Amino acid sequence: MNFGLNFVNAAADILHQIAEAGLKVKVETSADPIIDMDYKEELKVVYPMFTLHDQMMKDLEKLGIHEFTCTPYFTSNKPKFGEHCAWSESSAVIYINSILGARSNREGGLVDLACAITGKTPYHGLHLTENRKGQILFKILFEDWDTFDLTSIGLKIGEIAGNKIPVIEGLKKVSFDDLKNLGAASAASGAVALIHVIDVTPEAKKVEDAFQNDKPEEIIEIEKKDLKELREKYSTEWKQQPKNISIGCPQLSKEEVFNVLKKLKGKKIQKDINFWICTNNDVKNSIINSDFSDILKSSGAKITSLCPLLTPLPRPLMTNSAKTCFYSNASYRNLDDCIKVATEVKEND
Ligand code: F3S
């Protein structure tokens with residue numbers, strides 16, 4: 001389930017009425033991130049929804065929803081191949097369609113709740129095999145891509161594909177975490193809900209599988225030089241040092257959090273900067289209770305279950321997330337540069 005900030009009052013009101021009527025969800029259901037109360041002091045000055053938090057939490061619990069993350073497939077809500085779902089968080093829809101081979105359209109907020117309560121969803125769109133056929137072939141012409149390149153490639157693909165189904169050739173060894181970030185970017189800059197990656201995703205062992213033995217409508221080549229212009233387009237360049245740096249949109253997997261913490265080892269976040277590591281509650285709690293908590297404490301980084309967009313962080317904001325950049329005026333940098341800015345005092349400061 002997804003609660004857009006702009007209609008949160010209306011959604012909260014409807015949710016309350018549904019919960020008061022005693023309705024319950026029939027199938028495994030999770031909701032997007034909510035406020036991380038561990039940081040209520042830092043967040044309350046910027047968060048207009050704060051007063052609704054308690055009521056919404058009670059209503060969601062009454063309905064039978066206890067999980068709050070945009071990456072529920074890392075916890076208890078991981079659909080199987082071919083399973084029919086009704087999800088609305090765009091980054092999660094594209095993940096389960098593309099990487100897990102489950103089937104979901106991009107549902108609207110509250111339609112998803114109706115599906116959860118009835119246990120049914122309309123059988124159309126991406127639930128049908130014939131509608132999962134690839135339409136545009138994207139050829140990645142360079143091999144030395146990294147995580148940051150992949151998120152930028154995601155933005156580019158979303159811009160071009162709109163609501164069509166892209167097929168990507170040339171990313172053979174891409175990790176699922178990197179695909180999560182690429183997909184979230186495409187789902188933000190376009191209305192993409194499914195991407196086939198040749199020899200990686202389950203419905204695209206070969207090019208012919210992805211196109212269901214048909215031909216692509218269009219073939220687009222992406223070179224490394226295309227990404228520079230794209231980053232300049234989406235990045236907001238602030239003169240001042242960032243107040244907040246957020247890593248994790250979509251929320252990070254456990255392995256991604258480990259990677260950030262390893263890079264932070266021996267470093268200290270500057271006192272005027274909040275460095276947010278966004279992940280789900282399970283990962284957050286397991287890190288806090290692990291040996292990695294020493295790195296968290298000594299670096300001053302904040303591990304949190306918040307969403308940097310639903311919990312608007314004061315600007316200047318910096319991020320390595322293409323999705324955060326697309327929806328907000330944040331500086332767009334790779335992870336190493338975010339850490340460098342957070343931890344290195346400039347000589348003239
Ligand atoms: Fe998740 Fe918020 Fe980003 S819900 S995908 S962290 S916008």
Side-chain angles (χ1 to χ4, degrees), residues 33 35-47 69 71 74 146-149 151 177-178 180-181 231 235-325 328-349:
I35 297 172
D36 185 340
M37 295 305 255
D38 290 350
Y39 298 103
K40 59 183 177 188
E41 289 310 312
E42 285 96 327
L43 298 176
K44 75 178 171 195
V45 285
V46 295
Y47 204 44
T69 172
T71 56
F74 289 145
D146 58 19
T147 298
F148 193 51
D149 291 332
T151 62
D177 281 338
D178 280 345
K180 164 182 71 102
N181 299 320
R231 286 172 187 149
S235 181
T236 302
E237 295 307 309
W238 295 89
K239 287 205 176 83
Q240 314 93 307
Q241 158 174 280
K243 274 196 176 75
N244 286 282
I245 298 179
S246 71
I247 309 297
C249 167
Q251 293 183 322
L252 301 179
S253 68
K254 198 169 195 174
E255 291 68 33
E256 288 180 302
V257 175
F258 286 156
N259 181 43
V260 177
L261 291 176
K262 281 178 197 157
K263 285 175 185 280
L264 279 174
K265 192 173 180 185
K267 298 188 170 125
K268 182 113 193 101
I269 308 293
Q270 297 184 61
K271 67 174 173 15
D272 296 332
I273 298 179
N274 290 311
F275 188 91
W276 302 96
I277 301 172
C278 306
T279 185
N280 64 59
N281 261 314
D282 289 357
V283 174
K284 176 187 164 190
N285 292 331
S286 75
I287 296 284
I288 287 171
N289 295 312
S290 76
D291 293 345
F292 278 98
S293 67
D294 290 343
I295 302 178
L296 268 182
K297 281 186 204 132
S298 61
S299 68
K302 296 174 164 71
I303 193 160
T304 176
S305 57
L306 69 72
C307 154
L309 290 179
L310 289 180
T311 314
L313 298 168
R315 304 318 191 235
L317 173 65
M318 180 175 280
T319 183
N320 67 340
S321 162
K323 178 168 177 175
T324 299
C325 246
S328 70
N329 45 359
S331 308
Y332 182 36
R333 298 286 188 278
N334 67 27
L335 176 59
D336 288 338
D337 284 348
C338 288
I339 290 177
K340 197 169 174 193
V341 169
T343 57
E344 288 183 10
V345 182
K346 281 196 202 153
E347 275 174 19
N348 58 354
D349 280 353

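Quick caveat, the model's predicted, so the values are computed rather than measured. In this chain, residues are counted from 1 in sequence order.
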Contact summary for [X] and [Y], nearest pair of heavy atoms:
{"X": "D272", "Y": "Q241", "answer": "CB-NE2, 4.2 Å"}
{"X": "C249", "Y": "S321", "answer": "O-OG, 2.7 Å"}
{"X": "P242", "Y": "I273", "answer": "O-CG1, 3.3 Å"}
{"X": "T151", "Y": "F148", "answer": "OG1-O, 2.8 Å"}
{"X": "I269", "Y": "A301", "answer": "CG1-N, 3.8 Å"}
{"X": "T324", "Y": "P308", "answer": "OG1-CG, 4.0 Å"}

Residues 302-324 vs salt bridge (Lys or Arg N to Asp or Glu O under 4.0 Å), sequence neighbours excluded, gives E89-K323

In short, salt bridge (Lys or Arg N to Asp or Glu O under 4.0 Å) pairs touching residues 238-261 with sequence neighbours left out are K180-E256

How long is the span from the [atom1] atom in [X] to the [atom2] atom in [Y], to the nearest 0.5 Å?
{"X": "D177", "Y": "N259", "atom1": "CG", "atom2": "CG", "value": "9.5 Å"}
{"X": "L317", "Y": "N244", "atom1": "CG", "atom2": "CG", "value": "6.5 Å"}
{"X": "C278", "Y": "I247", "atom1": "SG", "atom2": "CD1", "value": "8.5 Å"}
{"X": "E344", "Y": "K268", "atom1": "CD", "atom2": "NZ", "value": "15.5 Å"}
{"X": "S305", "Y": "M37", "atom1": "OG", "atom2": "CE", "value": "11.0 Å"}
{"X": "I303", "Y": "N281", "atom1": "CD1", "atom2": "CG", "value": "10.0 Å"}

Pair T71, S253 - check side chain to side chain contact (heavy atoms under 4.5 Å, CB included), show working. CA-CA 8 Å; T71 56; S253 68; over 6 Å; no

Give me each pair satisfying ring pair (Phe, Tyr, Trp, His ring centres under 6.0 Å) with a member in residues 276-321, each pair once, sequence neighbours excluded.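 Listed once each, the pairs are Y39-W276, F258-F292.
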
Is atom CG of D291 surrounded by more than 12 heavy atoms (other residues, nucleotides or ligands) closer than 6.0 Å? no

T69 versus T279: any side-chain heavy-atom pair under 4.5 Å?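 A side-chain contact under 4.5 Å is absent here.
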
Side chain proximity check, I288 to K297, heavy atoms < 4.5 angstrom: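 The answer is no, as the side chains (C-beta and beyond) never meet within the 4.5 Å cut-off.
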
Applying ring pair (Phe, Tyr, Trp, His ring centres under 6.0 Å) to F275 and not counting sequence neighbours gives none

Mind checking salt bridge (Lys or Arg N to Asp or Glu O under 4.0 Å) for D36 and listing every partner two or more places apart, or none if nothing turns up?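 Testing D36 for salt bridge (Lys or Arg N to Asp or Glu O under 4.0 Å), a comparison that skips the adjacent residues, returns K284.
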
Distance-only criterion, 3.5 Å: show the donor-acceptor pairs between side-chain atoms of residues 334-341 and protein atoms not counting sequence neighbours.
unit_1: N334; atom_1: OD1; unit_2: D336; atom_2: N; d: 3.2
unit_1: N334; atom_1: OD1; unit_2: D337; atom_2: N; d: 2.8
unit_1: D336; atom_1: OD1; unit_2: K263; atom_2: NZ; d: 2.8

Main-chain N/O of [Y] paired to [X] side chain as donor or acceptor, under 3.5 Å:
{"X": "S331", "Y": "M318", "value": "no"}
{"X": "N181", "Y": "D178", "value": "no"}
{"X": "S299", "Y": "L296", "value": "yes"}

Run the side chain to side chain contact (heavy atoms under 4.5 Å, CB included) check on I277 and L264 step by step: do they pass? CA-CA 11 Å; I277 301 172; L264 279 174; 4.1 Å; yes

